[in-house]
Amino acid sequence: MDNKYYVYQHVDNDGSVVYVGMGSGARVWRVEGRHPAHKEWMLARMPSNFKWVIVEEGLSQREAFDLEHTLVYSGAWRFNLYNKDRKPTANYVDNRRPVVNTTTGEYFNSVKEAADIYLLHSNSIIRSCKTGIPTKDCVWSYYDPT
């Protein structure tokens, strides 16, 4: 497992958190891919007045995503452009759903688990579950373990 991810916060001059994110490498400092207002805020403070906090590091991508998700939905941060009622993306929700390989009859606790075992990208299994189109000669479907 590759534990190279971290969760971070961008902090305003008054100490208030304005953004929560996850990343690896230099993501905490990079302005590329940011909302224009967030990018402008960052550039106005760089390099000497830019403040950040690493909340936790040494995480897997999944651990970082889960922690980021928890922190984002625990407050209303200026540059996280959604509110507490926003739901995770469809692929995030689908990635955690139990699946069955209908070709072999194997059951898995999650798409992620099946993807790891079959050396597939999770999106390939999700697409097969939604369309019935095989991936690596197997057809997948969601199931309810209860």
Side-chain angles (χ1 to χ4, degrees), residues 1-101 106-133 135-136 138-146:
M1 182 177 291
D2 194 6
N3 293 335
K4 64 180 183 176
Y5 291 86
Y6 56 86
V7 174
Y8 62 93
Q9 298 172 328
H10 287 163
V11 181
D12 214 344
N13 292 338
D14 65 2
S16 62
V17 174
V18 297
Y19 181 79
V20 173
M22 66 166 270
S24 62
R27 178 63 182 151
V28 69
W29 301 283
R30 293 171 74 196
V31 296
E32 296 85 13
R34 307 276 185 193
H35 184 275
H38 188 191
K39 181 177 180 178
E40 181 180 326
W41 177 89
M42 288 176 71
L43 290 172
R45 286 156 179 76
M46 287 183 162
S48 62
N49 199 24
F50 179 63
K51 298 178 180 140
W52 71 94
V53 173
I54 302 295
V55 176
E56 193 168 339
E57 58 188 328
L59 303 171
S60 68
Q61 187 176 27
R62 169 62 53 194
E63 291 167 332
F65 187 90
D66 289 343
L67 178 56
E68 177 199 34
H69 178 81
T70 299
L71 293 174
V72 163
Y73 294 110
S74 70
W77 319 118
R78 186 183 329 164
F79 298 116
N80 289 102
L81 302 175
Y82 35 86
N83 60 37
K84 289 182 180 181
D85 297 327
R86 182 178 177 266
K87 302 295 185 232
T89 64
N91 282 353
Y92 175 74
V93 172
D94 287 343
N95 206 23
R96 294 178 159 217
R97 290 180 65 182
V99 291
V100 59
N101 179 332
E106 295 173 277
Y107 288 83
F108 299 91
N109 293 321
S110 69
V111 168
K112 171 88 171 93
E113 178 185 5
D116 289 347
I117 290 171
Y118 273 83
L119 303 176
L120 293 168
H121 192 282
S122 296
N123 287 343
S124 298
I125 295 175
I126 292 167
R127 185 172 42 257
S128 181
C129 288
K130 290 179 177 181
T131 65
I133 296 171
T135 183
K136 274 200 176 175
C138 296
V139 176
W140 299 86
S141 66
Y142 296 118
Y143 80 96
D144 183 2
T146 57

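Computed from a predicted structure; not experimentally measured.
Partners of R27 by salt bridge (Lys or Arg N to Asp or Glu O under 4.0 Å), not counting sequence neighbours: none found.
Atom CD of E106 has more than 12 neighbouring heavy atoms from other residues, nucleotides or ligands inside a 6.0 Å radius. Annotation: N109, atom CG; neighbour count of heavy atoms from other residues, nucleotides and ligands within 6.0 Å does not exceed 12.
Contact detail for S110 and V99: the closest heavy-atom pair is O-CG2, 3.9 Å. Here the shortest heavy-atom pairing between V11 and V18 reads N-CG2, 4.4 Å. The shortest non-hydrogen separation linking S122 to A115 is OG-CB, 3.8 Å. Between K39 and V31, the shortest heavy-atom contact is CG-CB, 3.8 Å.
Here the side chain of S24 pairs no donor or acceptor atom with the backbone of K4 at under 3.5 angstrom.
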Problem set entry | Criterion side-chain contact (heavy atoms from CB on, under 4.5 Å) on Y5 and E63, from CA distance to verdict | CA-CA 8 Å; Y5 291 86; E63 291 167 332; over 6 Å; no

For this session: Kindly determine whether R127 and W140 satisfy side-chain contact (heavy atoms from CB on, under 4.5 Å), including the steps that lead there.
Result: CA-CA 9 Å; R127 185 172 42 257; W140 299 86; over 6 Å; no

Problem set entry | Derivation and outcome, side-chain contact (heavy atoms from CB on, under 4.5 Å), residues F65 and L59 | CA-CA 9 Å; F65 187 90; L59 303 171; over 6 Å; no

For this session: Please lay out, stage by stage, how Y6 and V28 fare under the test side-chain contact (heavy atoms from CB on, under 4.5 Å).
Result: CA-CA 9 Å; Y6 56 86; V28 69; 3.8 Å; yes

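Checked against the 6.0 Å centroid threshold, Y19 and H38 count as a close aromatic pair.
Atom CE of M42 and atom NE2 of H35 lie 14.0 Å apart (nearest 0.5 Å). Considering OG of S128 and CG of N101, their distance stands at 8.5 Å, rounded to 0.5 Å. Rounding to the nearest 0.5 angstrom, the gap separating the CG atom in L120 from the CD1 atom in I126 is 11.5 Å. Summarising the geometry, atom CG belonging to D66 is positioned 8.0 Å from atom OG belonging to S60; distances are rounded to the nearest 0.5 Å. Here S16 contributes atom OG and W77 contributes atom CH2; the two are 9.0 Å apart, rounded to the nearest 0.5 Å. Interatomic distance, CZ of R62 versus NZ of K112, reported as 7.0 Å (0.5 Å rounding).
Using cut-offs of 30° and 60° for the angle between ring planes, the Y8 and H10 rings count as tilted.
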May I have the list of side-chain donor-acceptor pairs in residues 43-56 shorter than 3.5 Å, sequence neighbours left out?
{"residue": "R45", "atom": "NH1", "partner": "W41", "partner atom": "O", "Å": "3.0"}
{"residue": "R45", "atom": "NH2", "partner": "D12", "partner atom": "OD1", "Å": "3.3"}
{"residue": "N49", "atom": "ND2", "partner": "N13", "partner atom": "OD1", "Å": "3.3"}

